[in-house]
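Structure, as structure tokens:
A, B, ... follow the sequence lines: proteins, then strands. Residue 1 opens every chain.
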2 protein chains.
Amino acid sequence: MERSGTVDKAVRALEALREGGGSASLAELAARLRMPKATLHRLLASLAAHALVEQDGEGRYRLGVGLIRLGLGAQGLDPVARVAKPELERAARAFGETFFLVAARAGRLVVLDKAEGTGLLRAAPTVGAEVPVDVTASGRLYLAHAPELVGAPCASPAAQRAARRGYDVNEGEWIDGLTVIAAPVLARGSLHGCIACAAAAQSLRGDRHDAAVRHTRDAAERVARALQGDSRR
Amino acid sequence: MERSGTVDKAVRALEALREGGGSASLAELAARLRMPKATLHRLLASLAAHALVEQDGEGRYRLGVGLIRLGLGAQGLDPVARVAKPELERAARAFGETFFLVAARAGRLVVLDKAEGTGLLRAAPTVGAEVPVDVTASGRLYLAHAPELVGAPCASPAAQRAARRGYDVNEGEWIDGLTVIAAPVLARGSLHGCIACAAAAQSLRGDRHDAAVRHTRDAAERVARALQGDSRR
DNA sequence: AACTTCATTCCGGATAATGGAACGCTCTGG
DNA sequence: CCAGAGCGTTCCATTATCCGGAATGAAGTT
């Protein structure tokens with residue numbers, strides 16, 4: 001697959017700017033990316049013309065509002081993310097913990113959206129971040145229902161058990177102290193994503209655990225029903 | 001300011017993909033952008049390598065998850081948007097109408113974030129979209145407090161009146177039937193943005209109008225206080 | 001099996017990206 | 001008050017690489 005070196009460099013600049021957090025000077029960025037200042041400056045000038053990057057009062061560069069428009073556009077055009085958003089917020093408000101949507105895109109599992117809980121101690125996943133397949137509840141549901149979407153040959157016994165039960169639980173396998181409960185969004189015979197509830201392990205004991213399972217499965221089913229009814233593909 | 005033609009074309013492709021809504025084939029995109037298919041294909045190959053675009057099962061292109069990460073990253077890194085988000089949601093939930101955040105970026109007014117109301121008839125601004133300066137409440141507040149940020153020489157009398165009052169109202173000047181109430185976020189002696197409440201004109205009569213003003217000014221003040229306290233610039 | 005339509009690859013030529021060096025500017029400290 | 005360091009920005013000869021019409025191969029469609 002033939003590529004364009006110029007575009008590659010421009011995207012690397014955007015990602016470096018994001019990882020840096022806040023703003024970065026041209027010289028800093030050039031050093032981090034090992035690019036000549038002149039080259040980088042030309043790329044940033046084009047990105048700035050479309051507002052994908054901006055410069056503050058005295059020259060430093062940061063990500064621009066054009067990216068917000070494109071990013072929210074991508075989210076809004078995604079059928080699953082669109083119908084899941086209100087359900088995530090509803091669940092987060094009702095239960096007080098963080099709910100998020102995970103789906104397979106380009107062979108990887110990513111967080112498509114989230115609605116954070118209300119507690120002082122709460123899970124805060126990064127939207128857009130990748131999630132591992134092997135050690136997560138969402139990953140196992142994908143292994144069982146659609147292994148080809150995450151580049152896996154077949155499902156493990158544990159994954160098949162989770163699929164039969166209709167949800168899966170992950171207690172500290174992925175991140176120590178974090179419990180995640182995930183339920184599949186199954187519509188028109190295929191898996192469109194997973195709704196997951198994440199919280200500190202202590203917050204999901206006993207009754208709270210059962211309630212979390214209920215809220216998660218309920219939200220996943222609502223999203224599935226909305227997808228069925230939605231005429232748009 | 002010297003630019004890179006290659007990067008310009010790549011960004012134009014992204015924006016065309018967003019405006020098209022949903023997905024587009026290579027041939028469609030090439031026709032819309034008047035680019036040779038081979039050229040466009042090379043650009044998209046690079047964008048796809050970074051997940052800024054994706055291809056569905058049979059070749060069609062759409063915006064990718066990498067853009068969601070970059071876009072929400074840009075929003076999360078913006079100090080004003082970050083502290084305003086919970087206040088927007090709180091106000092929208094409490095009052096039931098749409099609240100949004102407007103700020104000047106690169107000499108233009110743009111919607112940085114929003115929280116939609118609950119009614120069936122509700123305002124739904126596009127995050128990232130530009131807002132005119134002359135015919136909006138937020139625009140007048142900018143004219144009065146920081147005309148240089150929106151490329152204007154001086155403030156009109158109407159703008160100065162709005163600034164003295166501490167908020168401004170727009171009834172149908174911008175969009176027929178739409179009433180917007182805006183209040184400035186003033187911190188450390190300068191204007192960082194405007195919190196605005198938007199609804200159908202009929203929904204903001206009498207008591208509701210006064211309540212909307214109260215909620216809007218309250219939210220703006222909370223954001224301002226959060227900005228003062230926040231040590232990060 | 002002929003035809004259309006699609007994404008993708010090829011390759012010689014010309015364009016436009018490259019990057020080291022120089023510029024103008026604002027600080028900083030002697 | 002000026003030398004120096006740092007910044008973003010511009011210059012320009014070189015050449016890497018982007019360009020794009022044409023060719024390819026794989027699906028569908030008639």
Side-chain angles (χ1 to χ4, degrees), chain A residues 1-18 20-64 66 105-107 148 233, chain B residues 1-18 20-64 66 77 105-107 148-149 233:
Chain A
M1 184 158 303
E2 195 187 358
R3 311 231 307 243
S4 156
T6 307
V7 174
D8 277 337
K9 281 177 213 150
V11 178
R12 279 177 51 215
L14 286 177
E15 284 175 347
L17 217 37
R18 187 191 72 90
S23 61
S25 73
L26 178 64
E28 280 168 30
L29 260 192
R32 196 176 324 157
L33 295 167
R34 280 144 219 258
M35 277 187 211
K37 282 198 298 176
T39 301
L40 184 57
H41 181 265
R42 195 164 348 93
L43 303 177
L44 289 172
S46 270
L47 294 173
H50 295 270
L52 301 204
V53 303
E54 297 163 0
Q55 284 180 280
D56 61 18
E58 267 70 29
R60 297 175 64 81
Y61 288 89
R62 55 190 154 91
L63 297 180
R105 290 289 180 274
E148 73 284 0
R233 170 151 11 139
Chain B
M1 184 156 302
E2 195 188 357
R3 309 232 305 247
S4 155
T6 307
V7 174
D8 278 336
K9 282 176 214 148
V11 177
R12 280 177 50 216
L14 286 177
E15 284 174 347
L17 218 37
R18 187 191 71 90
S23 61
S25 72
L26 178 64
E28 279 169 30
L29 259 193
R32 196 177 323 158
L33 295 167
R34 280 145 220 262
M35 276 187 211
K37 284 198 298 176
T39 302
L40 184 58
H41 182 266
R42 196 163 347 94
L43 303 178
L44 289 173
S46 271
L47 294 173
H50 295 269
L52 300 205
V53 303
E54 296 163 359
Q55 284 180 284
D56 62 17
E58 266 71 28
R60 297 175 66 80
Y61 288 89
R62 55 189 153 91
L63 297 181
L77 294 176
R105 291 288 181 275
E148 73 284 358
L149 290 183
R233 170 135 13 134

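Remark on DNA chain D: of its neighbouring residues A:Thr6 and A:Arg42, the 5'-side contact belongs to A:Arg42, judged by nearest-heavy-atom nucleotide. Position along DNA chain D of the nearest nucleotide to A:His41 versus B:Pro36 favours A:His41 as the more 5'-ward residue.
The shortest distance between the side-chain N/O atoms of A:Gln55 and the OP1/OP2 oxygens of D:dC7 is not below 4.0 Å. For B:Ser25, no side-chain nitrogen or oxygen approaches OP1 or OP2 of C:dC6 to under 4.0 Å. At D:dC7, none of the side-chain N or O atoms of A:Tyr61 fall inside 4.0 Å of OP1 or OP2 (strictly under the cut-off).
Across all strands, A:Ala27 comes closer than 4.0 Å only to sugar-phosphate atoms, never to a base (heavy-atom distances). Using a 4.0 Å heavy-atom cutoff across all strands shown, A:Arg3 reaches sugar-phosphate atoms only and no base atom. Note on B:Ser4: only backbone sugar-phosphate atoms sit closer than 4.0 angstrom, heavy atoms only; bases stay farther off.
Between the CG atom of B:Leu40 and the P atom of C:dA7 there is a distance of 10 Å, given to the nearest Å. The interatomic distance linking B:Leu43 (CG) with C:dA16 (P) rounds to 14 Å, in whole Å. Between the CD atom of A:Glu28 and the P atom of D:dG6 there is a distance of 13 Å, given to the nearest Å. Note: CD (B:Glu2) to C1' (D:dT9) measures 10 Å, nearest angstrom. The interatomic distance linking A:Asp56 (CG) with D:dG8 (P) rounds to 10 Å, in whole Å. Distance B:Asp8 CG to D:dC19 P: 11 Å, rounded to the nearest Å. Atom CE in A:Met35 sits roughly 14 Å away from atom P in C:dA17 (whole-Å rounding). What separates CG of A:Leu44 from P of D:dT9 is a distance of 9 Å, to the nearest Å.
No donor-acceptor pair closer than 3.5 Å links the side chain of A:Ser4 to the backbone N or O of B:Ser46.
For A:Lys37, counting side-chain heavy atoms from C-beta on, the closest listed nucleotide (C:dA7, D:dT9, C:dT18) is D:dT9.
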Item to complete: Apply side-chain contact (heavy atoms from CB on, under 4.5 Å) to A:His41 and A:Tyr61, showing your working.
Response: CA-CA 10 Å; A:His41 181 265; A:Tyr61 288 89; 3.7 Å; yes
Fill in: Stepwise side-chain contact (heavy atoms from CB on, under 4.5 Å) test for B:Asp8 and A:His50
CA-CA 8 Å; B:Asp8 278 336; A:His50 295 270; 3.2 Å; yes
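With rounding to the nearest 0.5 angstrom, the CG atom of B:Leu33 is 5.5 Å from the CG atom of B:Leu29.
When all heavy atoms are compared, the tightest approach of A:Arg3 to B:Ala45 is CD-O, 3.8 Å.
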